[in-house]
Student: 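Below is one structure. I have some questions about it.
Scope of the values below: all heavy atoms of this structure, side chains included, with no hydrogens, waters or symmetry mates. Keep in mind it's a predicted model, so treat the numbers as computed, not measured.
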Amino acid sequence: MIRLGLCCLFRDQPIKFVTTTATSISKLKRPDALAKLSRLCRENAEALLAALQFCADHGIGCFRVNSQILPIKTHPACGYEVTDLPEADEITRRFKECGKFARKHKLRTCFHPDQFVVLNSPRLGVVENSVQELEYQGEVAEWIGADVINIHGGGAYGDKQKALADFARNLDRLSSRVRSRLTVENDDKTYTPDDLLPICRATGIPLVYDVHHHRCNPDDLSVEQATRKALATWDREPMFHISSPLEGWDGPKSERHHDFIDVADFPNCWRRKKITVEIEAKAKELAVEKLLTDLKNGRKSDGTWFVYLLRCADGSLYTGISNDLPRRLEQHNAGTASRYTRSRLPVVLVYREAQASRSLALKRELAIKALSRREKESLIGAARLNETHCNRFVSTRS
């Protein structure tokens, strides 16, 4: 059974995690600074419990905890030990309550430290700071029962093999509570699954397979092969990542994440696995809920795709593609489909054309986007006889 995971934040829900800056804290006397930090940590424990309650109520099986759940915990000048805080015992108790709730409702929790955590950096200071950050997250992970602290392989620094050897060697700097939870993920620029799998086998560190990164940064492995090999590195429920490209696979910068997950990007070989799949999408909880529905309904990538044009409230034109045009128009007018149309509502469908596949639709979308405003209006005008039919098609499905 697939467990879908929500990453760190909410888009629409009034569940917020609070933080601060070192600049702000440095202006306070130390007792006042610790009092403020104590309050923020307590509020984040409360927000985490609310986040877990939302997940339990909405069929979301995993929650990724924000790396700043204890704000500026490891900052060199303003950092602190939890025992330094005025409400240390209460803070710890509240986080442990989150762990009890997660266990009761069979929820999984995890961490994904920020990009500055690099275990194979040639700079000793970077490695030391990375270890401190991992140890802090390991402390909170122990409180709440999180079983994954996931990091990237780091840089190549001109020699991948040496860099990976440095990564493996620096694992010995970690405590057992961090090492037992640590995982490594392939990235979209440097390390592919094939690069990391040997180090995973040698060290016992599981591979968090990110299929989006693999598609952006491919190797000789197919998705099916990478999935099978990644599964073999786990001694607990495997965790994978998925995203969809913001402007399609044929668009620029395919590594950029879309608001939602295109169910066509969800590997078929994952569908019957007992795995956790974290959803890295900008629409956050809405994206997870949509994918849950799509997977439950057995939606696949087959079927007709449409390239469409919308006229926005300010008169501008928006071009997109969809294999469920009525649903997509609903999303646009609900403000959940596109950042561009969200601030230009309402929108009206003024043109559509069918394509036999997603790939062809993407190519045609790019071609239409390249047209001038006059050329787009001519395209709309030529199809005006069909406009009434198009609008009726949408209204009957809305």
Student: Would the number of heavy atoms belonging to other residues, nucleotides or ligands and lying under 6.0 Å from NZ of Lys96 be above 12?
Tutor: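 No, the 6.0 Å shell around NZ holds no more than 12 heavy atoms from other groups.
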
Student: If we check side-chain contact (heavy atoms from CB on, under 4.5 Å) with Leu37, which of these qualifies: Asp32, Asp84, Leu85, Val82?
Tutor: Leu85

Student: Does some side-chain heavy atom of Ile242 sit less than 4.5 Å from a side-chain heavy atom of Glu278?
Tutor: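 They are not in side-chain contact.
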
Student: Is the backbone of Arg3 close enough, under 3.5 Å, to the side chain of Arg108 for a donor and an acceptor to pair up by distance?
Tutor: no

Student: Same cluster or not: are Tyr136 and Ile151 linked, directly or through other Ile, Leu, Val, Met, Phe, Trp or Tyr residues, by side-chain heavy atoms under 4.5 angstrom apart?
Tutor: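 Yes; tracing contacts between hydrophobic side chains, which count when under 4.5 Å, links both residues.
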
Student: Is the closest side-chain heavy-atom distance between Cys110 and Asn150 below 4.5 Å?
Tutor: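 No, their side chains stay 4.5 Å or more apart.
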
Student: Can you tell me how the ring of His214 sits relative to the ring of Tyr209, calling it parallel under 30°, perpendicular over 60° and tilted otherwise?
Tutor: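 Plane angle over 60°, so perpendicular.
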
Student: Ring centroids only, cut at 6.0 angstrom: are His241 and His112 within range, meaning strictly under it?
Tutor: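 Yes, the ring centres sit under 6.0 Å apart.
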
Student: Filter on ring pair (Phe, Tyr, Trp, His ring centres under 6.0 Å), then keep only pairs touching residues 309-332, sequence neighbours left out; what's left?
Tutor: Tyr308-His332, Tyr318-His332

Student: Tell me whether Arg42 is salt-bridged to Glu90, with the criterion being a basic N under 4.0 Å from an acidic carboxylate O.
Tutor: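 No salt bridge links Arg42 with Glu90.
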
Student: Ring-plane angle category for His257 and His212, please: parallel below 30°, perpendicular beyond 60°, tilted otherwise.
Tutor: perpendicular

Student: Does Gln132 offer a backbone N or O that forms a donor-acceptor pair with the side chain of Glu128 under 3.5 Å?
Tutor: no

Student: So Leu119 and Leu174, do their side chains get closer than 4.5 Å, heavy atoms only?
Tutor: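 SC-SC contact between Leu174 and Leu119 confirmed.
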
Student: Listed by chain and number, what are the salt bridge (Lys or Arg N to Asp or Glu O under 4.0 Å) partners of Asp314, not counting sequence neighbours?
Tutor: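 Testing Asp314 for salt bridge (Lys or Arg N to Asp or Glu O under 4.0 Å), a comparison that skips the adjacent residues, returns Arg344.
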
Student: Hey, does Thr336 have a side-chain heavy atom less than 4.5 Å from the side chain of Asp259?
Tutor: no

Student: Using the test salt bridge (Lys or Arg N to Asp or Glu O under 4.0 Å), find all partners of Arg169 that sit at least two apart in sequence or belong to another chain.
Tutor: Asp166

Student: Using 30° and 60° as the class limits, which term best fits the ring planes of Phe17 and Phe63: parallel, tilted or perpendicular?
Tutor: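 Ring orientation, 0 to 90° scale: parallel.
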
Student: Got a donor-acceptor contact below 3.5 angstrom from the Arg364 side chain to the Val307 backbone?
Tutor: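 Flag not set: sc Arg364 to bb Val307 has no pair under 3.5 Å.
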
Student: Quick one: does any side-chain atom of Asn186 pair with a main-chain N or O of Asp210 as donor and acceptor, under 3.5 Å?
Tutor: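 Yes; at least one donor-acceptor contact below 3.5 Å.
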
Student: Is there a donor-acceptor pair under 3.5 Å between the side chain of Glu135 and the backbone N or O of Ser175?
Tutor: yes

Student: Between Lys36 and Ser24, do the side chains contain a donor N or O and an acceptor N or O under 3.5 Å apart?
Tutor: yes

Student: When you measure from the side chain of Asn120 to the backbone N and O of Gly155, does any donor-acceptor pair fall under 3.5 Å?
Tutor: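 Such a contact is found between Asn120 side chain and Gly155 backbone.
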
Student: Any side-chain heavy atom of Asp294 within less than 4.5 Å of one from Phe260?
Tutor: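 Contact flag for Asp294/Phe260 side chains = no.
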
Student: Is the number of heavy atoms from other residues, nucleotides or ligands within 6.0 Å of CZ (Arg373) greater than 12?
Tutor: yes

Student: Less than 4.5 Å apart, side chain to side chain, heavy atoms only: is that true for Thr190 and Lys160?
Tutor: yes

Student: Could you check if a side-chain atom of Thr183 sits within less than 4.5 angstrom of a side-chain atom of Met239, using non-hydrogen atoms only?
Tutor: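 No, too far: nothing below the 4.5 Å cut-off.
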
Student: Could you check whether any side-chain N or O of Thr293 sits under 3.5 Å from a backbone N or O of Glu289, counting only pairs where one atom can act as donor and the other as acceptor?
Tutor: yes

Student: Evaluate the salt bridge (Lys or Arg N to Asp or Glu O under 4.0 Å) criterion for residues Glu330 and Arg327: first the C-alpha distance (whole Å), next the side-chain angles of each, then the deciding distance (0.1 Å), finally the verdict.
Tutor: CA-CA 5 Å; Glu330 289 175 357; Arg327 179 183 176 85; 5.8 Å; no

Student: Below 4.5 Å, heavy atoms only, C-beta onward: do Asp188 and Arg215 meet side chain to side chain?
Tutor: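 Sidechains of Arg215 and Asp188: no contact.
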
Student: Decide whether Thr192 and Asp195 meet the rule of one side-chain donor and one side-chain acceptor closer than 3.5 Å.
Tutor: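 Thr192 vs Asp195: donor-acceptor pair found between side chains.
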
Student: Under a 3.5 Å threshold, yes or no: a donor from one side chain and an acceptor from the other, between Gln331 and Arg328?
Tutor: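 The criterion, which ignores hydrogens and geometry beyond distance, is satisfied for Arg328 and Gln331.
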
Student: Should the heavy atoms of other residues, nucleotides or ligands under 6.0 Å from CG of Asp89 be counted, would the total exceed 12?
Tutor: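 No, CG of Asp89 has 12 or fewer neighbouring heavy atoms, counting only those of other groups under 6.0 Å.
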
Student: When you measure from the side chain of Glu285 to the backbone N and O of Arg11, does any donor-acceptor pair fall under 3.5 Å?
Tutor: yes

Student: Salt bridge between Glu365 and Lys369, side-chain N to carboxylate O under 4.0 Å?
Tutor: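 Judged by the 4.0 Å cut-off on N to carboxylate O distance, Glu365 and Lys369 do form a salt bridge.
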
Student: Same cluster or not: are Ile149 and Val126 linked, directly or through other Ile, Leu, Val, Met, Phe, Trp or Tyr residues, by side-chain heavy atoms under 4.5 angstrom apart?
Tutor: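 In one cluster: no.
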
